[in-house]
Amino acid sequence: MATSSSSSVMSAILVPHNRWNSSSSRGRRSLVRVNIPVPAASIPLTRFHPTAAAARWLGDLRDGNSIELAYHNRNNNSMRQMKMKQKKKSHAPKAWKWSTSVSHSQQLKKWIPCCSSLSRNCYGETTPFPLPKSAQPFFLHKSRFPLATHTFSTSGKRFCPPCATVGPDEPHAASTTCPDGLLENQDFDSLYPQLQTAELEEFLSTELPSNPKLHRGQLKNGLRYLILPNKVPPNRFEAHMEVHVGSIDEEDDEQGIAHMIEHVAFLGSKKREKLLGTGARSNAYTDFHHTVFHIHSPTCTKDADEDLLPLVLDALNEIAFHPKFLSSRVEKERRAILSELQMMNTIEYRVDCQLLQHLHSENKLSKRFPIGLEEQIKKWDADKIRKFHERWYFPANATLYIVGDIDNISKTINQIEAVFEQTGLENETASPPTSSAFGAMANFLVPKLSAGFVGSSSHERSSNSSDQSKILKRERHAVRPPIKHNWSLPGHNTDMKPPEIFQHELLQNFSINMFCKIPVSKVRTFRDLRNVLMKRIFLSALHFRINTRYKSSNPPFTSVELDHSDSGREGCTVTTLTITAEPKNWQNAVKVAVQEVRRLKEFGVTKGELTRYMDALLKDSEQLSAMIDNVSSVDNLDFIMESDALGHIVMDQRQGHESLMAVAGTVTLDEVNSIGAQVLEFISDFGKPTAPLPAAVVACVPKKVHIDGIGEIEFKITASEIISSIESGLTEPIEAEPELEVPKELISPQQLQELRMQQKPSFIPLSPEINVTKLHDKETGITQCRLSNGIPVNYKISKNETRGGVMRLIVGGGRAAETSGSKGAVVVGVRTLSEGGRVGNFSREQVELFCVNHLINCSLESTEEFISMEFRFTLRDNGMHAAFQLLHMVLEHSVWLEDAFDRARQLYLSYYRSIPKSLERSTAHKLMLAMMDGDERFVEPTSKSLQNLTLKSVKDAVMNQFVADNMEVSIVGDFSQEEIESCILDYLGTVRASRDSEREPEFSPILFRTSPSDLQFQQVFLKDTDERACAYIAGPAPNRWGFTIDGKDLLESVADIPITDEAQLHSEEGDNIQKDLQRKLRDHPLFFGITMGLLAEVINSRLFTTVRDSLGLTYDVSFELNLFDRLKLGWYVISVTSTPSKVYKAVDACKNVLRGLHSNKVAPRELERAKRTLLMRHEAEIKSNAYWLGLLAHLQASSVPRKDISCVKELTSLYEAASIEDIYLAYDQLKVDEDSLYSCIGIAGVNAGEGAMASLEEEESNEGFQGVIPVGRGLSTMTRPTT
């Protein structure tokens, strides 16, 4: 599948990235998710990122109606679908402290109902949304809030639930801090004596409010449409055509045909291709229950000011209802899908399939994976595909969603009618609508207009009022997906299925999943919302309890996850307990997890836990309510689509917050524990006659395990042993949970006053040349200042995210500062600091609870050239002060613990041992070692290096980099100048002057391997039951600022090159403006950052067109630049997936494209398209605080001297000034000749590598420590993006 835009490089221009070989962890964690169908903000109830597998649970496609509460170690990026770029990244543990930093747009997604964690996203990458991580009870605030009167009409009566006041300064943001004992007092009648039981029942039965801006309608051909005006991003809109057909509708001989149609229809559309030059991006995916084609487009063309909506609608009409099934296109997509099938067939995918097969063994979901069956895909002809399309792809079986910067609703409706009204009516015989066509379906997938989903009736419109008889004979399924489930309800099933065991040689860890499956409870009334809220509070407690109870260096489990979420794609609600552990510890891990679940079920949450979680939920909901005008169109659209699929009421952020406030005061401790206990009964009452039976119990285990001192032995496990381990957890003694105290502050007013007296913080001149203490740029709003202790600070006041802020500390050095005697010290040291989690006299639990109480998300990580710490905070309830206090304590009073060091080292040992089990990681690892001449700083530390580390060595490696003038702090948020400068002086200015302020971290020389070398082409072979292949091609490049590894300053030479007439083709005759712009770009320090970014767009487009589309050698190919800021080097990487029979040709084709830019010159249209893509991406991201953090980075960093304010102010004009000649100046600095280029091909299969060189696994066979590969239901069965 293909996107119409290539990979992002805008962010790489100015923002430090996790690079291709940067790592993420597989750590110890407990995780809890519970869906909440309100578009409110996510609560920071988790610590660290989820694993890659958990990330796919959260991020794949539209999987967002679940809040994940996690304690575990750092992951790779979370995303709606698993990016194929991930294969370019290794996954070793990265250190994250206390919580994850996420954007508010990412936070929103966790309130989107999760239906598509397994969806077939065929074309594009989706927005990542890692979860906030700080899941502990919160300290109860003692300030009060007045109760307002929000009136709801119920059967002619008026009921006034307790809600927050609408303040005069923030008309849309309600204060939510609870009064003393409000939530601790569980006597509802004493709290609200005016509410009698009947009145409460009447209120709880009231239907939730619906989004008043959401417009719904239906054309006479049956096509339903939804329109929602939304201003973020400005001048753009989303148009999604959802056809209600998926793999579940396929017959036995059609498995994968819906996915095939999606490919052929999408990539065969000429009208879609015409949009490519407009800045529009298009995409598509297929799932069990639907196929979605979507286009993200500007509202009008840049030059002609032409309205683009009609063109977008026309393209969607052709794609969905009028595709041309040309034999040539069918054959081309057949090759692509077969390549995609092999690419997807990782061990994670196979585990996902196993879990789904057993969870849904009674219905077609267990055997209708959207990718399809290879033997069938090879057989279908165009006629077979066309017949399936005729059966299902008609307007009455589709819904059109339009969300974006649309002002004229009537005009939009007219445009919809003009394009679609005659579609499907040309050759159809009509008949009146029947109840079966839109009965249950209307409630479940496309709600009835009268059912309260759509706001006021004034927003409802139907085009069939004058012609009701015009409706198609064809009827879509009344319920989606059209399957039956065996529910896990008491008395529903009497025969428990024995545990299933999936054993495979590529699995590293033990994993077991216990599933419970029940019908979806539609959230339509205040009672429904109240039930969801109570479940969320209850299950959140499980995370913190495991987090606090198991902190030893050798815990019995690797992770414990509890997920409770609705799935529109599967048509059910699934509760899953997932336990992972080292194979040797699996029995204790199962026992501990079951014991903790049982403890929570038996004793329930405490009053303190109820208070803390409720308080945090409401405060975070309030924060998002205030950001209602900053929610992106795609976030709103995702929420609407999934809410419709699940039958939930669609509310906006403010309605969601007010509704939560309304029900919060009615929640009692007994009810929370009662409703929560029901969720856990299938585990806590396992084996009892009254308990619901698990839908399935599935263990995924390795075939062999490594035992120290013995070596590899066969791993044996039986179903009866699994049951015995579960039962052992049911008989362990348990005790009630004690209450915990939470600090109000980390630095008391008295301590702060003493610090001020001792350090006397002040602002000093930025430099001897700039004799001002603060430098403010009016155009960008950026202020630069420097503290008396030497710490430089940049800040920007921004209203983009109401009462929210972000802060980033960047410390120069990173892994590049590791010495030959301390390989891995920095990355393990940062992880150790994260694992310990202590500062000063505060325990890790207290710090985590402090973060939860103040809604602080904090991440800590290391890259090749920096250590960074990032905070996201709210300005409510002194949240910014709390974030600054935490940063101060980390800098001044961090605590280094031996057991934390042991855990951190063990994580990296585990990861290193898992590399040979992954085709992509082992291939990338071998390539990087070859290109970087074996330098461990750019790959994962080896087991030998890790064993040589000590707590002192890793502490010194990290803390020696925390030198004042080697640090830089940037802050962006909705604060005042007085507020931010007060925090800067109080908490950064009182950090002690550096121990050695003049000392720069020393770097051992970094060198590319001398060319030519016999390691420039290598191969990796992996024994596997199924065939797959991948390859990486890489070579040297300059850094972002024009410096090369051999000491050259390319910017100086570029500035001397004369500008030719060719570079001025677009300027008017006699006009020197373009020439001046060209000269300005050549002289600008960001010349290579700009031109390399444009070059990457051009190369990516050509790779897709040639290697994927024309030659059919791959499903996925991409070009990525890694340009460093501090280090004087960079590199490029081409990654390609293929089949063993085609991978060598694919590598040659990629090399030909890379080297062919001189023989096949870059065309003006290619450059213009690249400019438009990057500039529109910049315009869309500029409203994000996190994006501004990247722009601010290094403005005062002595190690990046060329970065200045012009790199921010002039970014747009620099892109616009770039010429084709400039692109070639950049291209000529990439080393693409045969002596400089490195490649490594990885092949997996039964006979892979027979007689070939030793693999990494064989080379390291004497140290076979078993690592961790994450597993979980449905984590990787969606398709991957191709660009």
Side-chain angles (χ1 to χ4, degrees), residues 3-17 103-106 124-125 127-128 231-238 276-281 296-303 404-405 630 632-634 777 779-782 794 796 798-801 806 970 972 1040 1077 1080-1081 1084-1098 1100-1101 1120-1121 1123 1125 1166-1195 1203-1218 1222-1223 1226 1283:
T3 61
S4 56
S5 64
S6 49
S7 62
S8 171
V9 284
M10 173 67 76
S11 58
I13 291 175
L14 296 172
V15 186
H17 257 15
S103 69
H104 282 289
S105 63
Q106 291 166 343
E125 299 177 4
T127 304
K231 295 290 185 181
V232 179
N235 303 315
R236 297 190 74 85
F237 67 90
E238 299 279 343
L276 294 181
T278 65
R281 302 194 301 271
H296 173 82
S297 172
T299 52
C300 58
T301 56
K302 183 177 181 181
D303 302 322
D405 195 356
N630 300 107
S632 72
S633 294
V634 69
D777 181 76
E779 184 178 340
T780 61
I782 295 172
N794 313 305
K796 173 181 169 59
S798 169
K799 299 294 182 182
N800 289 336
E801 299 175 13
V806 290
S970 299
V972 182
R1040 198 181 321 279
L1077 291 174
K1080 184 177 181 179
L1081 174 61
H1084 200 278
L1086 205 52
F1087 173 82
F1088 283 100
I1090 294 291
T1091 53
M1092 286 289 184
L1094 293 167
L1095 176 63
E1097 290 292 321
V1098 172
N1100 261 311
S1101 179
E1120 183 177 349
L1121 280 164
L1123 306 180
D1125 288 289
E1166 290 182 285
L1167 177 58
E1168 289 305 310
R1169 183 181 299 173
K1171 287 182 182 180
R1172 191 175 296 111
T1173 298
L1174 294 182
L1175 286 173
M1176 287 189 171
R1177 198 169 297 151
H1178 172 67
E1179 293 169 4
E1181 294 289 341
I1182 203 70
K1183 287 189 172 293
S1184 162
N1185 285 350
Y1187 185 73
W1188 273 103
L1189 270 186
L1191 296 176
L1192 292 175
H1194 315 314
L1195 275 178
K1203 176 75 178 282
D1204 58 28
I1205 197 70
S1206 70
C1207 296
V1208 181
K1209 294 172 63 173
E1210 300 169 5
L1211 191 59
T1212 299
S1213 63
L1214 293 175
Y1215 273 111
E1216 292 173 341
D1222 295 326
I1223 300 304
T1283 61

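Counting all heavy atoms, side chain and backbone alike, Phe237 lies closest to Asp405 at CB-N, 4.4 Å. The two residues Leu1081 and Ala1217 make their nearest non-hydrogen contact at CD2-C, 4.2 Å. Arg1172 and Gly277 make their closest contact through NH1-O, 2.5 Å (heavy atoms, listed as atom of the first residue, atom of the second, distance). Ala1218 and Lys1171 make their closest contact through O-NZ, 2.7 Å (heavy atoms, listed as atom of the first residue, atom of the second, distance).
Contact check for Val972 versus Asn794: no side-chain heavy atoms found under the 4.5 Å cut-off. Counting heavy atoms from C-beta on, the side chains of His1084 and Cys1207 come closer than 4.5 Å. Met1092 is listed as a side-chain neighbour of Leu1123, based on a closest heavy-atom distance under 4.5 Å. Side-chain contact check for Val1098 versus Leu1167: every heavy-atom pair is 4.5 Å or farther apart. Side-chain contact between Leu1175 and Glu1216: present, with at least one pair of heavy atoms (C-beta onward) separated by less than 4.5 Å. A 4.5 Å side-chain heavy-atom check between Leu1174 and Ile1090 finds every atom pair outside the cut-off. Side-chain atoms of Asp1222 and Phe1087, non-hydrogen and from C-beta on, do get closer than 4.5 Å to each other.
Between Ile1205 and the choices Leu1191, Thr780, Leu1192, the side-chain contact (heavy atoms from CB on, under 4.5 Å) rule is met once, by Thr780.
With hydrogens and angles disregarded, no donor-acceptor distance shorter than 3.5 Å links the side chain of Asn630 to the backbone of Glu801. At distances below 3.5 Å, not a single donor-acceptor pair connects side-chain atoms of Lys1183 with backbone N or O atoms of Pro234.
One finds the CD atom of Glu1097 at 10.5 Å from the CG atom of Leu1121 (value rounded to the nearest 0.5 Å). In this structure, Ser970 OG and Asn1185 CG are separated by 12.5 Å, a value rounded to the nearest 0.5 Å. Interatomic distance, Leu1195 CG to Lys1203 NZ, rounded to the nearest 0.5 Å: 5.0 Å. Ser632 OG to His296 NE2: the interatomic distance, rounded to the nearest 0.5 Å, is 9.0 Å. The structure places CD1 of Ile1182 at 14.0 Å from CZ of Arg1177, a figure rounded to the nearest 0.5 Å. Between Lys1209 atom NZ and Leu1214 atom CG the span is 12.0 Å, to the nearest 0.5 Å.
A salt bridge does not link Arg1169 to Glu1166: none of the charged nitrogens lies less than 4.0 Å from a carboxylate oxygen. Under the 4.0 Å criterion applied to side-chain N and carboxylate O atoms, Glu1179 and Arg236 are not assigned as salt-bridge partners.
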